[in-house]
Protein chains: 2
Amino acid sequence: MTTFEQQIKNVFGVSNTEMTVIQSFFKPKVLQKGDYFIKSGQTSGNLGFLQKGMLREFVVVGDKEITKWISTEGSFVVDLKSFVFKEPARWNMQALTYVELLVLQTSDYHKLTDAIPHWPEIEKMFIAKCFTIIEERVLQHLSLTADERYNQLFAYNKHLFNQVPLQYFASMLGMTPETLSRIRRKSSS
Amino acid sequence: MTTFEQQIKNVFGVSNTEMTVIQSFFKPKVLQKGDYFIKSGQTSGNLGFLQKGMLREFVVVGDKEITKWISTEGSFVVDLKSFVFKEPARWNMQALTYVELLVLQTSDYHKLTDAIPHWPEIEKMFIAKCFTIIEERVLQHLSLTADERYNQLFAYNKHLFNQVPLQYFASMLGMTPETLSRIRRKSSS
DNA sequence: CGACCCACTTGACAAATATCAATAAATCAG
DNA sequence: CTGATTTATTGATATTTGTCAAGTGGGTCG
């Protein structure tokens with residue numbers, strides 16, 4: 001079973017038959033480092049599954065870029081505002097490396113709903129899961145120090161810290177690169 | 001049209017016929033100040049519509065309470081983790097005042113799905129909307145100063161600041177009551 | 001009325017974080 | 001490989017925020 005199949009089954013909890021149908025609607029797509037999967041402000045009806053590589057999700061606020069998240073192999077990438085409501089995307093999603101995606105387009109999305117009647121239910125669960133995760137992240141900002149936020153992120157993503165520029169993690173954590181650097185020095189000693 | 005009807009129609013975008021069906025599944029419930037609608041750790045299959053009064057959503061972290069949100073008249077209140085996944089609730093939801101709710105229970109929820117086939121789709125949109133809102137809140141923590149976060153919250157909720165203890169707003173904004181007090185003094189001069 | 005309980009404010013000080021500037025290390029292009 | 005560019009670290013300093021302690025004022029209730 002491919003990572004894609006595993007993830008679809010884990011995240012959406014579907015049968016093998018449904019799996020085959022779902023899979024048939026996702027088309028391969030390749031991005032070179034620096035290419036955009038989604039651009040903020042442009043409407044995108046694309047839901048991607050990240051097979052290989054990493055994407056950075058960010059917006060430009062004033063004169064700086066704010067990185068919301070780094071998506072890694074095996075995860076889904078989508079701008080919900082754009083995908084669900086067909087409004088301009090909130091986020092930029094740019095390839096940090098060479099990237100291979102499997103992409104579901106809105107048009108095929110409707111066929112998917114026809115082929116698998118309880119797809120909206122599946123999707124509801126997916127989005128609800130996303131909600132509880134991001135809600136937890138808000139709580140982290142309300143209850144943890146910069147130190148603690150870093151250590152929590154690092155504990156679950158050790159392998160990423162030598163692949164991704166640290167400044168992006170600093171932004172994700174809501175601190176300057178200098179502060180992150182100092183926290184890391186303290187934590188490693 | 002009641003606030004409830006308006007909100008259901010706004011949020012879920014349903015017809016009048018469907019509206020009647022939906023409405024029939026929501027049962028009135030009253031809370032006294034201090035009562036809990038949901039308790040963290042207990043599974044609750046309840047989705048509430050807040051007709052009157054205010055609820056505070058918080059968790060206890062270490063030795064302090066972290067307030068995530070104050071819900072006001074006309075909004076829906078639910079612990080998604082509990083409602084969607086039937087797991088223990090993440091949040092406490094406690095009445096800040098005398099409260100009147102309309103409550104949908106999980107059992108009736110299934111009947112609702114039977115009566116309105118595209119209910120999961122409707123619900124998906126609702127949750128997706130919640131997601132985009134909370135995602136924006138994460139961004140605020142990554143990109144704004146304490147000052148700016150306060151001013152933004154205050155701009156949209158002026159009327160609340162003389163009804164709700166300020167310490168709860170301080171917690172929602174991720175700062176101490178002392179800091180909020182000083183920011184307010186600065187902002188008002 | 002008066003004692004008490006809250007929530008809020010204020011001040012003094014400590015700790016955390018940002019800013020600015022310089023340097024070192026890593027990465028990339030030719 | 002080498003120079004150029006980006007990224008990371010470090011130091012000095014300023015700003016922001018937290019902590020602790022004291023004081024104020026409104027509300028409640030015997």
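Below, chains carry the letters A, B, ... as their sequence lines are ordered, and counting in each starts from 1. Bear in mind that the values here come from a model prediction, so they are computed numbers and not experimental data.
Rounded to an integer number of Å, the gap from NZ of B/K186 to C1' of C/dT9 is 16 Å. The nearest whole Å value for the distance from the CZ atom in B/R184 to the P atom in C/dT10 is 11 Å. Protein atom CD of A/Q167 is 11 Å distant from nucleotide atom P of D/dT9, rounded to whole Å. Rounded to a whole Å, the CD1 atom of A/I183 is 12 Å from the P atom of D/dT9. The distance between atom NZ of A/K64 and atom P of C/dA18, rounded to the nearest whole Å, is 9 Å. Following rounding to the nearest Å, A/M175 (CE) and C/dT17 (P) show an atom-to-atom distance of 7 Å. The CG-P distance, from B/L180 to C/dT9, rounds to 7 Å in whole Å. In this structure, B/H141 places its NE2 atom 19 Å from P of D/dT16, rounding to the nearest Å.
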Exercise. Can you check salt bridge (charged side-chain N to carboxylate O under 4.0 Å, His left out) on B/K81 and A/E135, steps first, answer last?
Worked result: CA-CA 10 Å; B/K81 181 158 168 276; A/E135 195 177 45; over 6 Å; no

For this session: For the pair B/T145 and B/E148, evaluate side chain to side chain contact (heavy atoms under 4.5 Å, CB included) and give the outcome as yes or no after the intermediate values.
Result: CA-CA 5 Å; B/T145 63; B/E148 293 167 329; 3.3 Å; yes

For this session: Take B/E136 and A/R90 through the test salt bridge (charged side-chain N to carboxylate O under 4.0 Å, His left out) and record every step on the way to the result.
Result: CA-CA 9 Å; B/E136 208 59 37; A/R90 182 72 180 95; 2.6 Å; yes

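Residue A/K33 has its side chain nearest to C/dC28 when only C/dC8, C/dC28, C/dA18 are considered. Of the listed nucleotides (D/dG18, D/dT7, C/dT10), C/dT10 has the atom at the smallest distance from the side chain of B/R185. Of the candidates C/dC28, D/dT10, C/dA18, C/dA18 carries the atom nearest the A/T176 side chain, counting heavy atoms from C-beta on.
Residue A/L166 comes nearest to A/L180 through the heavy atom pair O-CD2, 3.4 Å, listed as atom of the first residue, atom of the second, then distance.
In terms of modelled atom types and a separation under 3.5 Å, the side chain of A/D35 and the main chain of A/Q32 share a donor-acceptor contact. When atom types are taken as modelled, the side chain of A/T179 and the backbone of A/M175 share no donor-acceptor pair closer than 3.5 angstrom.
The residues B/E65 and B/R56 are annotated as salt-bridged, a charged nitrogen and a carboxylate oxygen being separated by less than 4.0 angstrom.
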Distances for protein N or O near nucleotides 20-24 of chain C N or O, under 3.5 Å:
unit_1	atom_1	unit_2	atom_2	d
C/dC20	N4	A/E178	OE2	3.2

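Of the residues in residues 142-166 of chain A, those with a non-hydrogen atom less than 4.0 angstrom from any atom of DNA chain D are A/P165, A/L166.
Here the two rings, on B/F131 and A/F126, have centers that are 6.0 Å apart or farther.
At the phosphate of C/dC8, neither OP1 nor OP2 sits under 4.0 Å from any side-chain N or O atom of B/S181.
Under the 30°/60° scheme for interplanar angles, the aromatic rings of B/Y36 and B/F58 are found to be tilted.
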